[in-house]
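Proteins come first, then strands; the chains are lettered A, B, ... in the order of their sequence lines, and each starts at number 1.
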Protein chains: 2
Amino acid sequence: MTQPPDSIEDSVISAILGGRLRPGTRLGEAKLAEVYGVSRTRVREAMMRLETRGIVHVSARRGWFVVEPSATEARAAFQARRVIETGMLRDLHTLPEHTLRGDAVAHLRAHVEEEREALHTGHVGSRTCLLGDFHIHLAHAFGNPFLTDILRDLTARTTLVSMLYQSDQDAAASSDDHAGIVTLLADGDYAGAARLMDEHIRRVEDGLDLAAAPDPLAGLREILSPGAPA
Amino acid sequence: MTQPPDSIEDSVISAILGGRLRPGTRLGEAKLAEVYGVSRTRVREAMMRLETRGIVHVSARRGWFVVEPSATEARAAFQARRVIETGMLRDLHTLPEHTLRGDAVAHLRAHVEEEREALHTGHVGSRTCLLGDFHIHLAHAFGNPFLTDILRDLTARTTLVSMLYQSDQDAAASSDDHAGIVTLLADGDYAGAARLMDEHIRRVEDGLDLAAAPDPLAGLREILSPGAPA
DNA sequence: TGCACCAATCTTGTATACAAGACTGTTGAG
DNA sequence: CTCAACAGTCTTGTATACAAGATTGGTGCA
């Protein structure tokens, strides 16, 4: 939760969530070591931790790369999120006392409001970041730290998927879903919230063009597009 | 999946699942390096990966230790498993084609049979190992590699919990639950299987004495008990 | 005796050195 | 001109060296 302790990992993850690091990007140990002002040792440690979390992978003696989920992996990641998030919401009604922690609904409502604003200002980076954060906040509200961590990593993965398969997923529609879920939660209709969450994640997944093989030259094309600086 | 690549991690995990490594056990880098015939570097890498998976933790300049889940963490780990495993089973009916992979039910049936035999022979180590493996196999049958990995680690955690809070959880009752789940799956009654799974995990959790603080001297007492070698 | 202080030892934390493989660009033959 | 072979460079893989903190055991004072 704090900044200094493992800032390399958090830094990479937030760069991914914010769309500043694209799938397939190479992360050289030496470069990162220089950026963070530490030796390669600590960079390697951070990379390995990120690897076990499924965020980056290593190609032997070539370097570390932000993962590029295949279509199969993409589907699996969304399925995993669907299973866990709907399971979480459905579990709420079995917890008579716990329910959601404190002012969770109020926080979520405020978050959805933030999403709305980001939609209007149109800042694409913070927009996708906020849309992903909603699910993490929801997990946090549920109060199970294990599930929160798991969903944080899965969300990072699906964010990468969205970047790869260029969904024109209506950000507005997503935010509407989020608002609907919060409303149902406020009413205590957990089963309904779970159902809507299921539809929501399916909708996002269906918005992706998983049939289209990811273009390995995407980055290159962008650079070579007319108007690029010499 | 293969043996040689990351055998240190797998070795530690299987030692935990098999009850050969107890919570709180210290894992010295130098010792492990000698055992595995490598330098401390690789041991450290393995430990860090296990740390991000929540299996071990490091105490600054004191060493690596197998985690000792607190009562709160124990409850959270069981809740996470319940959410995910029931969510998985409930999701089966929404997958018209997929359902369970191939001969999964047959495999699970065979596994339950193995459990029964282990119960009779009474080998305690392999027994707890098998009872945990059932859930991992079930996840594998579902076919989502992410969920399989997640549940593997969560199961390792709950195994540690069971060791700490000395549940007299009837192994026989657990195995009966497993058998019941397999039967319901074979009948295609996924909702029923999910319900039974929910009860099953609750039962195991309730069998634990989470109120009893774990005894930090357990290992010592055992060594000093009458009959121990000089 | 009881306790505070201190030195010796051990263990992890971090950096660095070197080995091994992958990629790049050049060169020379056909 | 095309392409195969090769040397050079770059990057990761692994080990080792040293620094920093923790623990332990001993010593001396009250």
Applying salt bridge (charged side-chain N to carboxylate O under 4.0 Å, His left out), can you list everything that pairs with [X], at least two apart in sequence or on another chain?
X: B/Glu51; value: A/Arg49
X: A/Glu45; value: B/Arg44
X: B/Arg40; value: B/Glu29
X: B/Arg202; value: B/Asp198

Next item on the list: Could I get the full list of side-chain hydrogen bond (donor to acceptor under 3.5 Å, both in side chains) partners for B/Arg61, not counting sequence neighbours?
Entry: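 In terms of side-chain hydrogen bond (donor to acceptor under 3.5 Å, both in side chains), with neighbours along the sequence ignored, B/Arg61 is linked to no residue.
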I need the [atom1]-[atom2] distance between [X] and [N], as an integer number of Å.
X: A/Phe65; N: C/dA22; atom1: CZ; atom2: C1'; result: 11 Å
X: A/Arg62; N: D/dT11; atom1: CZ; atom2: P; result: 12 Å
X: A/Lys31; N: D/dC10; atom1: NZ; atom2: P; result: 12 Å

Item checked: Letter per nucleotide, 5' to 3', of nucleotides 13-19 of chain C [B base touched, S only sugar-phosphate touched, - untouched; heavy atoms, 4.0 Å] -> BBBB---
